[in-house]
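Here the structure is laid out as structure tokens; the discussion comes afterwards.
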Amino acid sequence: MSSENKSPLMENKNKSPILYFFLFFFIILMLHSIFFRNKIEELSYSEFKKLVAEEHRIEKCIISNTHIKGIFVKEEAAWKEKLEEIKKNPPKESTLKDKKQKEESLFSDFLQLKKGRAQFVVTRVFEDPDLVKLMEKHNLPFHGEMESNWVALLFSWIIPLGLLIVLWLFIMKRMNSYGKDVMSFVKTRAKITAEENTKTTFEDVAGCDEAKEELKEIVEFLKSPSKFEQLGGKIPKGALLVGPPGTGKTLLARAVAGEAAVPFFNISGSEFVEMFVGVGASRVRDLFQQAKAKPPCIVFIDEIDAVGRHRGAGVGGGHDEREQTLNQLLAEMDGFENNKGIIVLAATNRPDILDPALLRPGRFDRRVVIDHPDIKGREEILKIHAKGKPLAAGIELKQIAQRTPGFSGADLANIMNEAALLAARKGKTQIDQQDISEAIERVVAGPQRKSRIISAKEKKITAYHEVGHALVAEIHPSGDPVHKITIIPRGSALGYTLSLPEEDKYTKTKDELMAKICVFLAGRAAEEIGLDIVSTGAQNDFEHVTDIARSIVARYGMTKEMGPMSFEREEGYVFLGRNFERKASFGSNTMDQVDKEVIKIVTECYDKTKSILTENKEALEKISAVILEKETLEGDEFRSLLKEIYPERFAGLVCGKHTE
């Protein structure tokens, strides 16, 4: 059992010594308050003899071999009151029974003194033989007592020794418990979810229908294994969920456990690896031992790339902690022992760095790819996250799905949550279209920064820059339709233009890539044409332009001059000891030619962009003036302005397309 899974009983057990200590301390205080709350006055021997001479001044007196102690009437008023009471009611001769009762009440009298009384103690003088006669003469009741040293012995030796023994036992017990805690770090830290507590099902997962179909077979085997075994079939021992971040890999694994109604062991790959060699391997063994005790069950390892990276990639050899952990994981998944009823699910967004032995059949037999959802999947995901949220009339989730191509399930969940927060912040009872649009923009570009003070000159440059992007995106035959233009700062940008494709695209043509380059260059070109200046606002645009142009030449083989060859690889996941970059197998002249082709493509696109903007300079200036006043233009408003400025040219313009 890991430290996170300790029961409340075990925690109370560890706290019990402290509770006992406080209880013991409280009892000592109570005893002290009972026995020592009355102040004892120390009298001189002469003062004591004067009190003896005063009739009925001393009420109790005990004589020991060293001291005389007792109770006397301290206050004069109380003494006079007592004398008057004795005159009215003289004391009778005490019987044997009365004497016995008085002796029994002696101790209680010391505990609870009457009004005006006090305790006294006197050091005895042994050279006074007439003391007893004096006390008898004045009818002073007294008792003899052999004084014992057991109290002094108790407080000076026994109690300190007992406290030392208790302290020693307490320390030894804590040391034993610390020893157990020290060894507990080799235990697995997997979070175990019982079958009745796994509420997630496939109905809670959308946008990955093919992945669900792949995993339904695992669920069916967990429910009825005999169906497969009678035909000699064996269920895959493991399934690797591969996909970009936020696409629902962990959610899908939990849904498998919920559908199958089996225990679910959830752990992250990073929780296996520690600085001590052998700890990770021990945790792997402990994890599978616990899983073997609860078959059938599912073991889910999230971010398995933290422990499953390619062996030999680190600095150390086989003694490396991470490699030992991976070796133990490989042995547990497909070793000599039969782990029947244990299905291992793992998730990663970096499958290319995993060790080949981990991916072979018999360990992770299946690779389930979970990609970004298409438009139908995004709509289904939005329906799930819209549950429990009051949406205003007229909101169509399909339209929101069309506006969010490339968004993951986590992004869509964030959009709906942000929309709800925005509506609540404004005091609304329903989420309207404006809230959802604002939420999309917050996810894409960040929150608005209305507090940023921008000069009129910078604002004008930003307006021309963004309108230039929008004009080229709308007019270029292969451009994407414009959805929004704004010069309100968001995140680190002073403004932005949102143009999205009308449908999901999984491949791109050369014309579409060239159109993207033109759109990115349009901001700088608009500044030159409209204001005859250049600014630093196009820095990020140029980075995108250079990357796309180089990909056209060196990766996609789309130019006649360089031919259908790949001179560069996509940037991979680089980690210590393994190089993903391709070795330089081309001469310097070839790479120089690649650079020339990149420059040629960017130059041609820039000339074409300037040509489009020069031809539509009137629209550039008028729409820039409008956006300076309104700060934001929706896509339909932008297209309406184009039709007003050039009614003949853009008469059939509908969402970026010319109708016949």
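In this chain, residues are counted from 1 in sequence order. Predicted, not measured: the structure shown is a model, and the values here were computed from it. These values consider heavy atoms only, across backbone and side chains, with no hydrogens, waters or symmetry-generated copies.
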| said: Are the side chains of Ile440 and Ile400 in contact, using a 4.5 Å heavy-atom criterion? | reply: yes
| request: Kindly determine whether Phe542 and Leu521 satisfy side-chain contact (heavy atoms from CB on, under 4.5 Å), including the steps that lead there. | output: CA-CA 7 Å; Phe542 294 158; Leu521 292 171; 3.9 Å; yes
| request: Take Lys376 and Glu379, measure what salt bridge (charged side-chain N to carboxylate O under 4.0 Å, His left out) needs, and give me the verdict at the end. | output: CA-CA 5 Å; Lys376 183 181 177 182; Glu379 184 179 357; over 6 Å; no
| More than 12 heavy atoms from other groups under 6.0 Å of CG on Asp532 | no
| Stepwise, does the salt bridge (charged side-chain N to carboxylate O under 4.0 Å, His left out) test hold for Lys630 with Glu637? | CA-CA 11 Å; Lys630 298 181 69 174; Glu637 293 179 285; 2.8 Å; yes
| query | Between Ile623 and Leu642, is any pair of side-chain heavy atoms under 4.5 Å apart? | reply | yes
| Quick one: do Lys389 and Glu418 make a salt bridge, cutoff under 4.0 Å? | no
| note | One should read off an interatomic distance between His469 NE2 and Leu613 CG, to the nearest 0.5 angstrom, of 10.5 Å
| field | Donor-acceptor contact present, side-chain Arg378 to main-chain Leu412, <3.5 Å | value | no
| Glu629: side-chain contact (heavy atoms from CB on, under 4.5 Å) partners, not counting sequence neighbours | none
| query | For the residue pair Leu397 and Lys383, what are the closest heavy atoms and their distance? | reply | CD1-CG, 3.6 Å
| task | Tell me, with the steps shown, if Arg366 and Glu217 meet salt bridge (charged side-chain N to carboxylate O under 4.0 Å, His left out). | result | CA-CA 12 Å; Arg366 292 187 178 181; Glu217 186 175 316; 2.8 Å; yes
| said: Given Ser437, which partner from the list Arg442, Lys484, Arg403, Glu634 fulfils the side-chain hydrogen bond (donor to acceptor under 3.5 Å, both in side chains) test? | reply: Arg403
| Note: Glu561-Lys600 ion pair, threshold 4.0 Å (strictly below) | yes
| field | From CA spacing to verdict: side-chain contact (heavy atoms from CB on, under 4.5 Å), Ile461, Leu494 | value | CA-CA 10 Å; Ile461 294 173; Leu494 296 178; over 6 Å; no
| request: Measure the spacing between OG1 of Thr546 and CD1 of Ile517 and express it to the nearest 0.5 Å. | output: 9.0 Å
| task | Determine yes or no for a side-chain-to-main-chain donor-acceptor pair under 3.5 angstrom, with Asp411 supplying the side chain and Ser408 the backbone. | result | yes
| query | Is Asn417 close to Leu421 at the side-chain level, that is, under 4.5 Å between some pair of heavy atoms? | reply | yes
| query | Got a donor-acceptor contact below 3.5 angstrom from the Glu512 side chain to the Thr509 backbone? | reply | yes
| query | How many angstroms lie between atom CD of Glu615 and atom CG of Leu620, to the nearest 0.5 angstrom? | reply | 13.0 Å
| query | Minimum heavy-atom separation for Thr609 to Ala522, with atom names? | reply | CG2-CA, 3.4 Å
| message | Whether Lys610 and Asp607 form a salt bridge (side-chain N of Lys/Arg under 4.0 Å from carboxylate O of Asp/Glu) is what I want to check. | response | no
| message | Any side-chain to backbone donor/acceptor pair from Asp547 onto His544? Under 3.5 Å, distance only. | response | no
| note | Between Gly530 and Tyr464 the two heavy atoms that sit nearest each other are CA-CE2, 3.7 Å
| request: Heavy atoms only: give me the nearest Phe364-Leu240 pair and the separation to one decimal. | output: CD2-N, 3.9 Å
| Are Lys426 and Gln434 side-chain neighbours, meaning at least one heavy-atom pair lies under 4.5 Å? | yes
| At their closest point, which heavy atom of Gly243 faces which heavy atom of Lys249, and how far apart are they? | O-NZ, 3.2 Å
| Distance-only, no hydrogens or angles: does the Thr497 side chain make a donor-acceptor pair with backbone N or O of Glu466 under 3.5 Å? | yes
| request: Look at atom NZ of Lys460 and say whether more than 12 heavy atoms of other residues, nucleotides or ligands are closer to it than 6.0 Å. | output: no
| remark: Between Ala439 and Ala419, the two heavy atoms sitting closest are CB-N, 3.7 Å
| request: May I ask you to say whether Arg524 pairs ionically with Asp541, meaning some side-chain N is under 4.0 Å from a carboxylate O? | output: no
| said: If we count only N and O atoms by modelled type, under 3.5 Å, do the side chains of Glu597 and Thr559 hold a donor and an acceptor together? | reply: no
| query | Quick one: are Phe202 and Val256 in side-chain contact, heavy atoms under 4.5 Å? | reply | yes
| Would you call Arg254 and Asp204 a salt bridge, taking side-chain N to carboxylate O under 4.0 Å as the test? | no
| said: Atom NZ of residue position Lys457 - does it have more than 12 heavy atoms of other residues, nucleotides or ligands inside 6.0 Å? | reply: no
| Glu528 and Tyr606, any side-chain heavy atoms less than 4.5 Å apart | yes
| Taking the side chain as C-beta and beyond, is there a heavy-atom pair between Ile612 and Leu471 under 4.5 Å? | no
| message | Determine whether His476 and Met514 satisfy the following criterion, side-chain contact (heavy atoms from CB on, under 4.5 Å), listing intermediate values before the conclusion. | response | CA-CA 10 Å; His476 197 289; Met514 298 287 278; 5.6 Å; no
| query | Hey, what do you get for CG (Leu326) to CG (Asp355), rounding to the nearest 0.5 Å? | reply | 5.0 Å
| field | Ile601 and Ile548: CA distance, side-chain angles, deciding distance, side-chain contact (heavy atoms from CB on, under 4.5 Å) verdict | value | CA-CA 10 Å; Ile601 288 175; Ile548 296 172; over 6 Å; no
| field | Side chain proximity check, Leu215 to Leu241, heavy atoms < 4.5 angstrom | value | yes
| remark: Taken to the nearest 0.5 Å, the spacing of Glu621 CD from Ile529 CD1 works out to 10.5 Å
| query | Between SG of Cys605 and CD1 of Ile552, what distance do you get to the nearest 0.5 Å? | reply | 7.0 Å
| Do any N or O atoms from the side chain of His372 and from the backbone of Phe407 form a donor-acceptor pair under 3.5 angstrom? | no
